[in-house]
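Working notes, structure below.
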Amino acid sequence: MTDTRFDPSVADERWQRAWTDAGTFTADSASEKPKSYILEMFPYPSGRIHMGHVRNYTMGDVLARYQKMRGFEVLHPMGWDAFGMPAENAAMEKGVHPGGWTRANIAQMKAQLQRIGFALDWTREFATCDPEYYGHEQALFLDLYEAGLVYRKESTVNWDPVDMTVLANEQVIDGKGWRSGAEVEKRKLNQWFLKITDFADDLLEGLGSLEDWPEKVRLMQENWIGKSQGLEFSFDLSDGGRLAVYSTRPDTIFGASFCAIAADHPIAQGLAGDPEVAAFIDQCKKGATTAAALETAEKLGYRTPITAKHPFTGAELPVFIANFVLMEYGTGAVMGVPGHDQRDFEFASKYDLPILRVVSADPAQADAPFKGEAEAGDGVIVNSDFLNGMTVEAAKAEVITRAESGGWGEGRTVWRLRDWGVSRQRYWGTPIPFIHCDACGVVPVPKDQLPVTLPEDVSFDIPGNPLERHPTWKHVDCPQCGKAARRETDTLDTFVDSSWYFLRFASQPADRPFDPEEVAKWMPVQHYIGGIEHAILHLLYARFWTRALAHTGKIAVQEPFAALFTQGMVTHETFSRIDEARGVPVFFGPEEVDRTSDGATLLADGAPVEVGRVIKMSKSKKNVVDPDAIIARHGADAVRWFMLSDSPPERDLPWSDAGIEGCARFVQRLWRLFGQAGAGGVGADAEYDKALDRKLHQTVAAVAEDIEALSFNKAVARIYELVGAVEKAPLSATRSDAIRKLAVLVSPMMPHLAEEARATYGLGTGLVAESGWPEVDPALLVDDEVTIAIQHMGKLRDTVTAPKGASKEDLEALALASANLQRSLDGAAVRKVIVVPDRLVNIVT
RNA sequence: GCGGGCGUGGCGGAAUGGUAGACGCCGGGGACUUAAAAUCCCCUGAGCUUUGCUCGUGCGGGUUCGAGUCCCGCCGCCCGUACCA
C-alpha cells in the first residue's frame, strides 16, 4: 500500500519521451502485421489547440493505441492544413507575413499536441504550405488537366465595389462587405473548375459501399449530388425565338402560368437596351451569392413583352426576368407552376398570375382552392387533358414521351451537383500552375519547373490579391513560344489541399506525390474522424479526388475512408451581462467568474452575472477553456478521460470544471488501486474469486467492443464499474491479476498513468503501449443466472431470479407464483402469456 | 428557403420493440479528523392513501401483449447550404 499521489507534471513528459525514444508510434510499412490507418481531420493552424481538437484527437488516439495492442501495424499521422484566409487576415491586422504567422502557430500547436501524449507518427508530419507538398499538388492538378478534368469558365463571385476585391461568403455580413460596409455585388470572373460532375454517378453509387459511414452523412451527400429525372424542352417565343427550360415536374406542365429567366440569360441581355430592363438586371446583381441568401431574398420579377407558347394548350405565357433563377443551373430558365412549387406560388401571388391545380390528392376535388401555399405532394393529375387520372410518375413519363416524339424536348437526368470552382483570388494558397500567353493561350507550367512557389516579398496594406500586383512574380516567358506571358495569379481552394493529404501521409517520395505501392499498403483509411461540418464538402471533394486519381491510373483505391465518424463539439456555458448603455450583452470568461451550483458572480465586483446557454466554445462569447491550462493543472490523462466520458462522441460535450476535477480524482483513485496490485498474494494458494474474474473478463470484452464502436462513453462507464468491483473485492490473487489487467485496459485512454503505474509498482515488463490487449476467456462471459421481469399488461409487477436458459414453462410458472402479480391479476382470467427467454414474462388478461 | 440531425432526472447520459434513469457530475446525510483537504459509506425522477400504487423520455395522435425506441403531424435547438476551415 502506498499513499503517494500520481504526479502528471513529471510522469507525462517522462513517458512521452520514452515513446519517442523507442519509436513506439512510428509506422513501419514493411511490417508483416495487418495494417490499420487511423486518421483525424488535420487541423488548420489557427494559433492554439482548442478543446475541439483535443476531443477529436483523443478519440483517434484511443483507437490507434487499441489497434496497436490488438496486433496491428498502425499509421496515425498528423500534419497541418496550413493555407487559408485567417493567415491573410493576420497579415492585414498585425502586419506579419502569412507564412511566418502560420509557422509560428504550427510550432506552438505541435508542442501542445505533444503535451497531451498522442500516439502520433511525427516522422510523417507536413504542412500543406510546404512548397514540396503544394508542388506535388500542382503536378496532380496538371495530371487532371491532361485527363480533361480541369477547365475554365465564367462564374459569379461576391464583389466589394469599394475595396475592389473579391469577398468570401464569410466576409459578406448582411449583404455588405465586412471591411468597407459597401453593398456587395455579383460579378463574373473567368475561373478554374474541376469536373466533379463527371463523377456524379460514381460518387452517388459509391455511397452504397460505405457501410461504416453514418447514414445521415450518406443521405446528405446523396441529396447534395441530387440526381433527378426530368424534361428539357423549348417554348416557341412571340419574338420568333425559342426558350429552353428544364423541369423535374413535367407532369405539371398544364399548370404552367409563366416562364422565368435569369438576369444574365441571353434573352434578358438582349432586352437590356431598354433602360428599365437594364435597371432591373442591375438590381438582380445586388446581394451575396450564397444559396441561403438567394433563397430567402425577396422574389423579384420583371415582365418582358415576350410571351411563350404552351406546347399543349397554345396559351401565351408571360416571360419574366427573375432574381431567383440562376444561369448556372439547368438552362437558366424555368416554367412556373405556382400550384405545385412554393417559390412559383409566392411569385405568382405577388405578380397576380393564375394559380392552377393540376395535381389533387382526391380526384373528386379537382377544383379545390389552395390553402395559401403550393401543394408539392403526391396525387392524381387533374385539369390536364390527356394526363387526367394518371399518377405523377406516369404523367412524367407520358409528357417526356410526347415531347420526344414531337421533337420539342427530351428526358434528361440532371444533377444538383455543380462543378467545383477552385479559383481563389488570394495569396496564401497553392498557385495554379498555368501561364497565360497572348499567342498560345493558357499553357500548363512544365512539370520540371514545379513547384511554382509563392513570392515572399508581399504586402497586405491594400485589399486584393498581392500576387496580382507583385512587381515581378507574374511576369514570365511562355513555356511554348518563349514570348512574354503572365502567370495565373489565382490560387487553389484549400479544399484541394485536404483532398489528397491522406495519400501523402501514407507515402512520401521526394520525386512524386506518392508511391502507389506504399499507398496500397495503407489505404483506405480504416477510421476517419472529424466534425460533422465536413459532412458534405470536404468529404465529397476527397472522395472525388481519390476517384479522379484512380480514374487516371495513379491509385487503385476508389473510396478513401472505409469508416467515418463525425464527432460533436465541445461546448461551455456563457456568462454575460446586458450593457445598459448599448443594450448588448457583454461576455465574461470562466476565469473571471465564480460559479456555484445556483448561479455565478463576477469576481471583480461580486455581483451576479447571467449564466447563459451551453454553446460551442468561441472567442467572441468568451466561453473558451484553454487545454494547456487544464493540462498544467490536472495532467494529460485527466483531460483525455474527460473528453471520453459521459457524452456520446457524436454529440456535443459540455465542458465543466466539476467534470474535469472528477476525472482528476479518478486518476488518483486508480493510482491508489494500482498500488494494491501486490496485496493478497499472486499464487495459486490465494483464493480464486470467480465473480470478480467474471466481471474482469466481461469488462475487457465489453470495453473492446465499445472502443471498436467508438462508444467511448460506454467503455468509460464499464471501467468505472470494474474499478468499483475491484476496490470492494476481498484481497485475492484474482484481485491482483485484475489490477494488472486494469492498467492495460485503461492505457488507451490514460497512457501516462498506465506506464507510470507499471513501472512504479512492477505490474509488468516493457511499455504498456507495446503490450497486447488482455485475453478474454469466453466461458467467463456468460452469467449463470438472469433477472426475469414479470409484467401484467406490460406493466412491471415483480422481478425474479432464474437460471439462464430456463424453459418458457418454468418461467411462466415462476411468474404465476409471484404474489405481486397475483394481486395485480385480482382473479382475472389469463388470456395470453408472452415469454421472452432470459428477459420477461408478460401476462395478458 | 432547402437538406440533414438532435430532444430522457438538477446536469452529461444508459437502455437488440421487453425491468426507463446503468455510469459519472451536482446536491443532501454520515464516518474519519482538533480542524480542513483527501478518502470512505448511505440517499438522491415526481407524486401518493408507501408490503405497494400512479405519473413520467419536447408536444399531439397511431401501431403493439408491450413504445424512449416504429409510423403520422407539430414545436424547439444545432449543422450544412458550394469562396470559413
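All chains are named by letter (A, B, ...) in the order of the sequence lines, taking the proteins before the strands, and each is independently numbered beginning at 1.
The gap from the C1' atom of B:U51 to that of B:G66 amounts to 26 Å, rounded to the nearest Å. Using atom P as the reference point in both B:C41 and B:C53, the two lie 31 Å apart (nearest Å). Spacing between B:G5 and B:U19 at atom C1', rounded to whole Å, works out to 30 Å. Taking atom P in both B:U8 and B:G52, the straight-line distance is 31 Å, to the nearest Å. Comparing the P positions of B:U33 and B:U44 gives a spacing of 28 Å, expressed to the nearest Å. Between B:G13 and B:A82, the two P atoms lie 30 Å apart (nearest whole Å).
At the heavy-atom level, A:Gln342 lies nowhere under 4.0 Å from the strands shown. Backbone-only contact: A:Pro648 has heavy atoms under 4.0 Å from sugar-phosphate atoms and none from a base. Base contact: A:Thr799 has a heavy atom under 4.0 Å from a base atom. Within the nucleic acid shown, A:Arg651 comes within 4.0 Å of sugar-phosphate atoms alone, with no base atom in reach, counting heavy atoms only. Contact annotation for A:Thr787: base contact, defined as any heavy-atom pair under 4.0 Å involving a base atom.
The aromatic rings of A:Tyr501 and A:His538 sit tilted, their planes meeting at an angle between 30° and 60°.
In this structure, A:Lys153 satisfies the cation-pi test against A:Phe193, with its NZ or CZ atom closer than 6.0 Å to the six-membered ring centre and inside 45 degrees of the ring normal.
Taking 3.5 Å as the limit, the base of B:G12 and the side chain of A:Asp646 contain a donor-acceptor pair of atoms between them.
Tested against A:Thr430, the residues A:Asp497, A:Thr128, A:Thr494, A:Thr491 include a single side chain to side chain donor-acceptor pair (under 3.5 Å) partner, A:Asp497.
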Let me have a per-nucleotide readout for nucleotides 36-51 of chain B, 5' to 3', with B, S or -, counting only protein heavy atoms under 4.0 Å. ---SSS---------S
How does protein contact run along nucleotides 79-85 of chain B, one letter per nucleotide 5' to 3', with B for base contact, S for sugar-phosphate only, - for none, heavy atoms under 4.0 Å? SSBBBSB
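Across the protein-nucleic acid pair, A:Trp655 atom CH2 and B:C11 atom C1' stand 16 Å apart, rounded to whole Å. We find that CD1 of A:Ile660 is positioned 13 Å from P of B:C26, with the value rounded to whole Å. Summarising the geometry, the separation between CD on A:Glu721 and P on B:G21 is reported as 14 Å, rounded to the nearest angstrom. Atom CG of A:Asp652 is separated from atom C1' of B:C6 by 9 Å (rounded to the nearest Å). One can place CZ of A:Phe324 at 15 Å from C1' of B:C2, the figure rounded to the nearest angstrom. Atom CG in A:Asp838 sits about 14 Å away from atom C1' in B:U19, given to the nearest Å. Atom-to-atom, CD of A:Glu650 to C1' of B:G7 comes out at 14 Å; the value is rounded to the nearest Å. Between the NZ atom of A:Lys808 and the C1' atom of B:C65 there is a distance of 13 Å, given to the nearest Å.
When the side chain to side chain donor-acceptor pair (under 3.5 Å) test is applied to A:Lys188, the partners found at least two apart in sequence or on another chain are A:Asp264. With sequence neighbours left out, A:Asp798 forms a side chain to side chain contact (heavy atoms under 4.5 Å, CB included) with A:Ile790, A:Ser818, A:Asn820. A search for side chain to side chain donor-acceptor pair (under 3.5 Å) contacts involving A:Lys808 returns nothing, not counting sequence neighbours.
Comment: A:Glu721 engages A:Lys695 in a salt bridge, judged by a side-chain N to carboxylate O separation of less than 4.0 angstrom. With respect to A:Glu375 and A:Arg249, no salt bridge is recorded, no charged nitrogen being found less than 4.0 Å from a carboxylate O. Electrostatic pairing of A:Arg424 and A:Asp493 counts as a salt bridge here, judged by a charged N lying under 4.0 Å from a carboxylate O. The pair A:Lys216-A:Glu650 does not count as a salt bridge, with every side-chain nitrogen at least 4.0 angstrom from each carboxylate oxygen.
A close approach under 4.0 Å does not occur between any side-chain nitrogen or oxygen of A:Lys216 and OP1 or OP2 of B:C78.
Here B:G9 is in the syn range [glycosidic angle within 90° of 0].
Comparing A:Arg797 and A:Pro654, the nucleotide of RNA chain B nearest to each residue sits closer to the 5' end for A:Pro654.
Proximity of A:Trp224 to A:Ile536: side-chain heavy atoms (C-beta onward) are separated by under 4.5 Å at one or more points.
Listed nucleotides: B:C26, B:A15, B:G5. Nearest to the side chain of A:Ala658: B:C26. Closest approach to the A:Val836 side chain among B:G4, B:A15, B:G18 is made by B:G18 (side chain taken as heavy atoms from C-beta onward).
Annotation for A:Arg633: atom CZ does not count as buried by contact number, only 12 or fewer foreign heavy atoms lying within 6.0 Å.
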With side-chain hydrogen bond (donor to acceptor under 3.5 Å, both in side chains) as the criterion, how do A:Glu468 and A:Thr489 come out once you've worked through the C-alpha distance, each side chain's angles and the decisive distance to 0.1 Å? CA-CA 6 Å; A:Glu468 187 65 40; A:Thr489 56; 2.7 Å; yes
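In secondary-structure terms, RNA chain B builds stems of at least 3 consecutive Watson-Crick or G-U pairs, each pair having both distances under 3.5 Å, at B:1-7 with B:75-81, B:10-12 with B:23-25, B:27-31 with B:39-43, B:45-48 with B:52-55, B:58-62 with B:70-74.
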